[in-house]
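Keep in mind it's a predicted model, so treat the numbers as computed, not measured. We name chains A, B, ... by the order of the sequence lines, and we start the count at 1 in each one.
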Amino acid sequence: MDLSPLRHAEGCVVTKTYRRKLDIGNGRVDLSHGAGGRAMAQLIADIFHTALDNDWLRQGNDQSVFEAPKGRMAMTTDAFVVSPLFFPGGDIGSLAVHGAVNDIAMSGAKPLYLSASFIIEEGFPLSDLARIAESMGAASRAAGVPVITGDTKVVERGKADGVFITTTGVGAVPEGLDLSGDKARPGDVLLVSGSIGDHGVAVMSKRENLEFDCEILSDSAALHGLVADMVAAAGAALRLMRDPTRGGLAATLNEIAQQSRVGFRIEEAAIPVKPEVAAACELLGLDPLNVANEGKLIAVVAPEAAPALLEAMRAHPLGRDAAIIGAAVEDERRFVQMTSSFGGARIVDWLAGEQLPRIC
Amino acid sequence: MKYVDEFRDGDLARGLARSLATSARDDREYRFMEFCGGHTHAISRYGLEDLLPPNIRMIHGPGCPVCVLPVGRIDAAIALARDPKVTLCTYADLMRVPASGGMSLIKAKAAGADIRMVYSTLDAIRIAEAEPSREVVFFAIGFETTTPPTALAIRLAAQKKLSNFSVFCNHVLTPAAMRAILAGEGEGVEIDGFVGPSHVSAVIGVRPYQFAAQQFNKPIVIAGFEPLDVMQSILMLVRQLNEGRCEVENQYGRAVTHEGNLKAQAEVADIFELRDSFEWRGLGEVPASALRLRAAYADYDAERRFGVTTPSAKDNPACECGAILRGAKRPHDCKLFGTVCTPETPMGSCMVSSEGACAAQWTYRRFDTQRVAS
Ligand code: SF4
């Protein structure tokens, strides 16, 4: 079903007088909230429509119609299954907005619209659902990217883990820009926009069986503003950008090495890691390079444009701690190698299997 | 945080590297076994081998509890977990270790066995309390370091009169393994000294290693796990050899005392007793090298409770884990290394555990040794 409450809520049978107010404080999602009837219409109207309100949703159609700009478009989709749903510095709602916005932004595109699909487990507290929807609304307003269509399903208890959200985004790519993971060339410079591992550690610190004291907040943020400044500073010298989410910096660099058929050489001492994150990783036996981020990006740029790009990144609040961390090198084996702060070398590998339960 | 940074200072490391280069005599070789997988991991992760002069060679030892567990014990754990009333709790590292017939705990879990990953023994106790209708079995493995937490769990279970909790005990002893290696020395491995595991000594102290210096003439330095600890310990070993000394020295004075943790030792002694013999992957049967629950705690002993038998099972015949664990071969001497055997498709335990020698070589240093492109 769609996120179009008014058609159900006011267009036909359900009128305000007949409606018992949704008990958001104490109520829980039940199967009727996904059955396509009045209960569902009310859930959508009272929670999602209220939180995400905009002109498109208000039209109440099964789809939203919008003007398409000229030129090339970017599109992405991503499912969010984070556990726990609320974590220091964010929650699944804001994360689902930031994740889609960032995936669009990494192409250099300006994100325009989002869709959101919710799979909710029977028994889920309405108050938590409202909190998630509000956070999603706030994140989408702050980013200036509205959620213009959506979907809600309720599954039986035990068939999901609270709430899963899938967001899809579309955006418009500026003329003349063509970023892609296969464009890194030996000699290109590698930059990261700030400290790594914050999101993963913040989420892990709240895991039921892992709880530890830690002040770290998730870095979850929408990066399209930073990206716009970067595109302005480096233009066509930018080869590619990517947000190192699940799998962390290590997985992202390995992906790009494969796509571009190059190796990378990075310097451990140059990679920003917050001391608390390093300490938590130490405690858990993790490598910050493998830990997820939700508000950081890496960029590969032609060497002559690197200083200007770094300066532009540092001038933006989300790129304050940006740093040059290495370079692409010729290597037919496509290794990502790191010089340790000791001067010894080692490979930075993908994680084998999953070390810990999912975190993004 | 300063605490960690101090032991990872690049300048200090380079200073130590220079001291090592001047101390190591050109006319001889120095072959040191780092007993513990934690050290293997630190050496590979920080690229310490790049900082050692070529005549100092590190030999990886058997000190990874996941690697030394024989296949039969994992088969037994899988059989236990397949009992419909059993919930088997285990540390994540064990999940992917290959068992017989292409099985592993992670595959058994996917096939429906109730296997849960825990981070501590107390998580297993919590599960037993929360689910009284389940038989909760904690799959206990590890050296002297992890034995006290297992003892604590058994103590707690007894205090709480938990009747649905038991331990499948696979705790093994470091000094016994070191003795077995020294007794078999010459079978492809020659060792001039040991980098000893400090976490173990934090519990058992320094004394249990004295036999190696006294009876076998091998110096030992009990070393911390930070990269600088390892470098400094290697330097201490080089100096001992140069000066013709043979002692058990303690580099990790910030946590290890001569006597160790007497309280933990007493607790362990109260709950556990020595097994006559125990099979190690790579070393075979080693006398007096493992622990089991004393009769007084028989109620918490999964082996007695479920009549566990350890089927005799063979490793993959091409897998060289055994020789690698004895220090007789290096990971890339194995034909399977990096071809069919990688962390995603492990053929032997050394490729599974994050502390395993093959995994460390593959994950951090395969630019030295890789046969085929991945
Ligand atoms: S490479 Fe694999 S098969 Fe060979 S010794 Fe190591 S773990 Fe065993």
Side-chain angles (χ1 to χ4, degrees), chain A residues 204 207-212 214-216 250 254 257-258 261 263-270 273-290 329 331-358, chain B residues 1-5 8-14 16-17 38 41-52 92-93 95-96 106 116-120 122-124 126-127 225-228 231 342-346 351-352 354-355 359-368 370 372-374:
Chain A
M204 275 184 264
R207 278 276 161 67
E208 210 181 316
N209 46 6
L210 223 62
E211 251 172 76
F212 53 91
C214 157
E215 304 281 295
I216 288 289
N254 276 289
Q258 294 294 340
R261 300 162 183 272
F264 281 101
R265 271 273 184 191
I266 58 176
E267 294 285 333
E268 184 171 30
V273 182
K274 292 196 174 112
E276 302 91 313
V277 169
C281 285
E282 196 57 36
L283 188 78
L284 298 170
L286 301 172
D287 191 330
L289 298 173
N290 295 125
V329 294
D331 182 352
E332 59 187 39
R333 297 166 306 175
R334 301 169 206 174
F335 283 151
V336 178
Q337 290 193 52
M338 179 163 85
T339 310
S340 78
S341 43
F342 284 23
R346 66 124 147 151
I347 283 183
V348 174
D349 213 355
W350 315 74
L351 266 187
E354 189 155 27
Q355 307 267 13
L356 283 157
R358 60 175 193 262
Chain B
M1 209 29 233
K2 184 141 189 316
Y3 194 63
V4 170
D5 288 344
R8 295 188 183 167
D9 183 313
D11 291 338
L12 279 178
R14 281 181 284 276
L16 275 170
H41 185 81
I43 289 168
S44 309
R45 176 171 168 184
Y46 295 97
L48 297 190
E49 269 159 353
D50 292 347
L51 280 74
L52 299 180
D93 254 11
M95 292 295 287
R96 295 186 308 119
I106 204 166
R116 307 203 197 156
M117 284 185 265
V118 292
Y119 296 94
S120 81
L122 300 184
D123 291 342
R126 267 182 231 128
I127 293 172
F225 286 92
E226 290 300 330
L228 283 185
M231 296 277 291
T342 66
E344 281 74 24
T345 54
M351 194 55 103
V352 177
S354 55
E355 294 185 4
Q361 177 73 34
W362 174 260
T363 307
Y364 295 127
R365 299 285 294 183
R366 68 178 178 273
F367 50 78
D368 286 342
Q370 191 181 11
V372 291
S374 61

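For residues 336-351 of chain A, the pairs satisfying salt bridge (charged side-chain N to carboxylate O under 4.0 Å, His left out) are A:D287-A:R346, A:D349-B:R366, with sequence neighbours left out.
Among A:T339, A:I347, A:D331, the residue with the largest count of heavy-atom pairs under 4.5 Å with chain B is A:I347.
Scored by the salt bridge (charged side-chain N to carboxylate O under 4.0 Å, His left out) test, A:R261 finds no partners at all (sequence neighbours excluded).
For the pair A:R333 and B:F367, the tightest heavy-atom approach, listed with the atom from each and the gap, is NH1-O, 3.3 Å. Among all heavy-atom pairs drawn from B:R45 and A:P288, the shortest one is NH2-CD, 4.4 Å.
Considering only heavy atoms from C-beta on, A:F342 comes within 4.5 Å of B:L228 through its side chain.
Contacts between B:T363 and chain A at a heavy-atom distance below 4.5 Å involve backbone atoms as well as side-chain atoms.
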